[in-house]
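Throughout, protein chains are lettered first and strands after them, A, B, ... in sequence-line order, and every chain is numbered starting at 1.
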Amino acid sequence: MIRTHDAGTLRAADAGTTVTLAGWVARRRDHGGVIFVDLRDASGIVQVVFRGAEAIEDQELSREEMAGMSEAHALRNEFCVLVTGEVQRRPAGNENPELPTGEIEVNAAELTILSEAAPLPLPVDDTVEASDDIRLKYRYLDLRRSGPARALRLRSKANQIARTVLHDRDFVEIETPTLTRSTPEGARDFLVPVRLQPGTWYALPQSPQLFKQLLMVGGMERYYQIARCYRDEDFRADRQPEFTQLDIEMSFVTQEDVIALGEAIVSALWRELAGHEISTPIPRITWHEAMDRYGSDKPDLRYGLELTELTDYLRGTEFRVFASAIDAGGYVGAVVMPGGASQTRKELDGWQDWAKARGARGLAYVVLDAETGEPRGPVAKNLSAEHLAGLAAAVQAKPGDAIFFAASGERREAQELLGAARQEIARRTGLIDEGAWAFCWVVDAPMFERADDGGWTAVHHPFTSPNAEWIDRFEEAPDRALAYAYDIVCNGNEIGGGSVRIHRADVQRRVFDLLGITPEEANEKFGFLLEAFKYGPPPHAGIAFGWDRVTMLLAGADSIREVIAFPKTRGGYDPLTGAPTPITSQQRAEAGVDAKPKTAAIPGTSGEAVPVEHSR
RNA sequence: GGUCCUGUGGAGCAGUUGGAGUGCUCGCCGCCCUGUCAAGGCGGAGGUCGCGGGUUCAAGUCCCGUCAGGACCGCCA
């Protein structure tokens, strides 16, 4: 080491010690005869004092040391320097209580400029928030700031905490291939041409799903991996195509065991990194209850504002929007905005635009007069006196509130609109406690949902087990069949999810049948897994945490880019490296991008489905 | 693919109903300064107002297109 101490660790007790520090010039305050330099390294900041020539003579410094002094005048922000000097208590009255090292300073005797810094394209300053593209282009400068640096260090700690929890329970960390074949997760694959087999392509894994199941067949019993996954879909604040999962699989366990392990992991993470004790067991809500009460399969439980179903209450209404939904066997429901009656007409119209932006036709509303509680608004004119009279009680609204309605022949569609409105109401009315942590498990997810072609598609993936109630009869009512599938949700973010897997060949065949996957297709697509399952596969189950989201929440960030060392922009562009780039014709030829495959491609397993008779 | 927001010296922002010379803070360069800590003082350099087209006597400002960044929908667990 070229230094003896870390700058941020020096305290009053170190006074009298001669130290050598290495780091960057965070700030320079040049008074002519005395220069203060804030020296920053990974541990923090300490003030270094360079004194004028007279003072140096008093200290009987050598000629080389004096030469070093004159260099201090030339220091600029972000120069990389080596400083030797004595730690001294600051003169009385000059302490800085804002700094951990504020009681002392380092009286410089020697200065070496390790490297100079050009004028900065981006200030290394915690108080200035630069735009995303400039931050990413100069990410190495961005990372010198305390916030971004802290985020990456927190992520590292999260990794360590998770590993500790898992190793304490005899889990084995195993790496799986990143050049592989398509996994059944339903997103677009990233494809890699294979020079050794022109015309053939690897897929980057959307998850290690199939490999971790094979590891269970292989008797590893307890596997985990902090795994890179790739899904070629559009970006969001909490999503990019290249992301990380804490991936876990266990043999001879039930859903309860996986949930208990998941709670142990999040409890340890939030205890150590957020100072928050999660009370366990974490509450559970079924998928259907989550949709009914919150209009979301990842409900934010930091606030109430539950939805009310009004399908039965409004049955017989002459208001066409509601009547047609009810007649179609659909759903009408409402969510209340406390105090919403005081909104201007313009604000209420704004909700229509808000709903249209989400693909809805609009958002019907009734406001209750703050004084009389009398229902008013365009929709109120269309409802019968009877329906209006009982409305406030039915949705538990008070005078001065606004009631928003959604109606659709598709229950889920209307519920999701109300769920989104619920979130928006909470935001606008300040109902969200930003300091709160609200966890829940969403359990009993449906096995299947309708595909566009009228068949069925797996909600999770085709290896998810029906629960005990449905395992022998899911064909009878695929729309109602439930899976042993569970998601863990924090403040409205899905931070993890998993399932019990099918390990019985007969059940797997029946699920494939329902999904319209022929034995031939199944064999082509994941015959290797089915083959493995011939040889005594253990019952197994697992979970995967969206690690970027987990660390984002722990870091208090609002985008996963903040907890990724080198993230990309929404266009998939990396402003730092300039990736992606075109390739040369030689690279193109060698990669075999245009080579014809020897055998035809097999279509995917998602979306292709055979219609099955509906249960209702 | 769609909706919305943003784009003004190196960075962060302001710029009114379209009206003379685009302003502020920080940074940068030079000088001064011995106790500052977002140091201070004096002086200076640095701008195709993202790009292209249009309306107008006149466009940073209005309109159309386009590019880039961001939020959301679609897509994606």
**Q** Answer with yes or no whether the side chains of Gln423(A) and Asp300(A) bring together a donor and an acceptor at under 3.5 Å.
**A** no
**Q** Between rC76(B), rG12(B), rG35(B), which one does the side chain of Glu233(A) approach most closely?
**A** rC76(B)
**Q** Any donor-acceptor pair under 3.5 Å linking the side-chain atoms of Trp351(A) with those of Glu424(A)?
**A** no
**Q** Without decimals, in angstroms, what is the distance between Glu562(A) CD and rA71(B) P?
**A** 10 Å
**Q** Rounding to an integer number of angstrom, what distance separates rG65(B) and rA20(B) when you compare their C1' atoms?
**A** 31 Å
**Q** Take Arg561(A) and Arg236(A), find for each the nucleotide of RNA chain B with the closest heavy atom, and name the residue whose nucleotide sits nearer the 5' end.
**A** Arg561(A)
**Q** Roughly how far apart, to the nearest Å, are rC63(B) and rC28(B) at atom C1'?
**A** 39 Å
**Q** Calculate the interatomic distance between Phe235(A) atom CZ and rG1(B) atom P; express it in whole Å.
**A** 15 Å
**Q** Counting only Watson-Crick or G-U wobble pairs whose two distances fall under 3.5 Å, which nucleotide matches rG60(B)?
**A** none
**Q** Categorize Asp297(A) for me: base, sugar-phosphate, or nothing, with a 4.0 angstrom heavy-atom threshold over every strand shown.
**A** base
**Q** Please work out if Glu98(A) contacts a base, only the sugar-phosphate, or nothing of the nucleic acid, heavy-atom cut-off 4.0 Å.
**A** nothing
**Q** When you compare rC29(B) with rC72(B), how far apart are their P atoms, in angstrom units rounded to a whole number?
**A** 40 Å
**Q** Would you mind telling me which of rC72(B), rC76(B), rU34(B) lies closest to the side-chain atoms of Arg239(A)?
**A** rC76(B)
**Q** Provide, to the nearest angstrom, the distance between the CG atom belonging to Asp574(A) and the P atom belonging to rG69(B).
**A** 11 Å
**Q** Using the P atoms only, state how far rC26(B) lies from rC42(B), rounded to an integer number of Å.
**A** 12 Å
**Q** Would you please test Arg501(A) and Ser499(A) for side-chain hydrogen bond (donor to acceptor under 3.5 Å, both in side chains) and show each step?
**A** CA-CA 6 Å; Arg501(A) 326 299 181 187; Ser499(A) 63; 2.6 Å; yes
**Q** With no angle test and no hydrogens, is the base of rG74(B) tied to the side chain of Asp234(A) by a donor-acceptor pair under 3.5 Å?
**A** yes
**Q** Nearest whole Å is fine: how far is rC73(B) P from Glu413(A) CD?
**A** 15 Å
**Q** For the C1' atoms, the ones on rC57(B) and on rC13(B), what distance do you get once it is rounded to whole angstrom?
**A** 33 Å
**Q** Hunt down the Watson-Crick or G-U wobble partner of rC28(B), both distances under 3.5 Å, from any strand shown, or write none.
**A** rG44(B)
**Q** Would Thr577(A) and Asp574(A) count as having a side-chain donor-acceptor pair, cut-off 3.5 Å?
**A** yes
**Q** rG27(B) and rA38(B): how far apart are their P atoms, nearest whole angstrom?
**A** 12 Å
**Q** State whether the side chain of Thr286(A) and the backbone N or O of Glu289(A) hold a donor-acceptor pair below 3.5 Å, judged by distance alone.
**A** yes
**Q** Looking only at atom P, what distance separates rG44(B) and rU25(B), rounded to whole Å?
**A** 14 Å
**Q** Look at all strands and tell whether Asp487(A) reaches a base, only sugar-phosphate, or nothing, counting heavy atoms closer than 4.0 Å.
**A** nothing
**Q** So, Lys298(A) and Asp487(A), do they make that salt bridge, N to O below 4.0 Å?
**A** no
**Q** Between Arg570(A) (CZ) and rC5(B) (P), how many Å, whole number?
**A** 15 Å
**Q** What contact category does Glu95(A) fall into here, base, sugar-phosphate, or nothing, at under 4.0 angstrom with non-hydrogen atoms?
**A** base
**Q** What's the gap between rC62(B) and rC73(B) when it is taken at their P atoms, as a whole Å value?
**A** 29 Å
**Q** Could you say whether Arg231(A) or Glu105(A) is positioned toward the 5' end of RNA chain B, judged by the nucleotide with the nearest heavy atom to each?
**A** Glu105(A)
**Q** Can you see if the side chain of Asn96(A) gets near the phosphate of rU36(B) - specifically, an N or O under 4.0 Å from OP1 or OP2?
**A** no
**Q** Need the pair for rC13(B). Rule: Watson-Crick or G-U wobble, both distances under 3.5 Å, any strand; none if unpaired.
**A** rG23(B)
**Q** Taking the side chain of Asp38(A) as heavy atoms from C-beta outward, which of rA11(B), rG35(B), rC37(B) is closest to it?
**A** rC37(B)
**Q** What's the CZ-C1' distance between Arg427(A) and rA71(B), to the nearest Å?
**A** 10 Å
**Q** Checking salt bridge (charged side-chain N to carboxylate O under 4.0 Å, His left out) against Asp132(A), which of Arg570(A), Lys137(A), Lys568(A), Arg561(A) comes through?
**A** Arg561(A)
**Q** Indicate whether His31(A) forms a stack on rG40(B); treat it as stacked only if centroid distance is below 5.5 angstrom and interplanar angle below 30 degrees.
**A** no
**Q** Considering every strand shown, what is the Watson-Crick or G-U wobble mate of rA38(B) when both distances are under 3.5 Å?
**A** none
**Q** At under 4.0 Å between heavy atoms, what does Arg90(A) touch on the DNA or RNA strands: base, sugar-phosphate, or nothing?
**A** base
**Q** Scan side-chain atoms only and decide if Arg293(A) and Gln415(A) contain a donor-acceptor pair under the 3.5 Å cut-off.
**A** no
**Q** Think Arg29(A) has a side-chain N or O under 4.0 angstrom from the OP1 or OP2 of rU36(B)?
**A** no
**Q** Does rA71(B) have a Watson-Crick or wobble partner in any strand here, with both distances under 3.5 angstrom, and which is it?
**A** rU3(B)
**Q** With a 3.5 Å limit on both atom pairs, tell me what rU66(B) is paired to, counting Watson-Crick and G-U wobble, or say none.
**A** rG50(B)
**Q** The side chain of Val128(A) lies closest to which of these nucleotides: rA11(B), rG70(B), rC28(B)?
**A** rA11(B)
**Q** rG70(B) P sits how many Å from Tyr573(A) OH, rounded?
**A** 12 Å
**Q** Of the nucleotides rG12(B), rC28(B), rA71(B), which has the atom closest to the Ala130(A) side chain?
**A** rG12(B)
**Q** Just to be sure I understand the rule, does Pro123(A) reach a base, reach only the sugar-phosphate, or reach nothing, if contact means heavy atoms closer than 4.0 Å?
**A** sugar-phosphate
**Q** Please give the nucleotide sitting opposite rU55(B) as a Watson-Crick or G-U wobble pair, both distances under 3.5 Å, or none.
**A** none
**Q** Tyr138(A) has an atom OH; how far is it from atom C1' of rG27(B), in whole Å?
**A** 15 Å
**Q** Could you tell me whether the phosphate oxygens of rC37(B), OP1 or OP2, come under 4.0 Å of any side-chain nitrogen or oxygen in Arg27(A)?
**A** no
**Q** Do the side-chain N and O atoms of Glu416(A) and Ser296(A) include a donor-acceptor pair separated by under 3.5 angstrom?
**A** no
**Q** Taking only side-chain nitrogens and oxygens of Thr569(A), does any of them come within less than 4.0 Å of OP1 or OP2 of rA68(B)?
**A** no
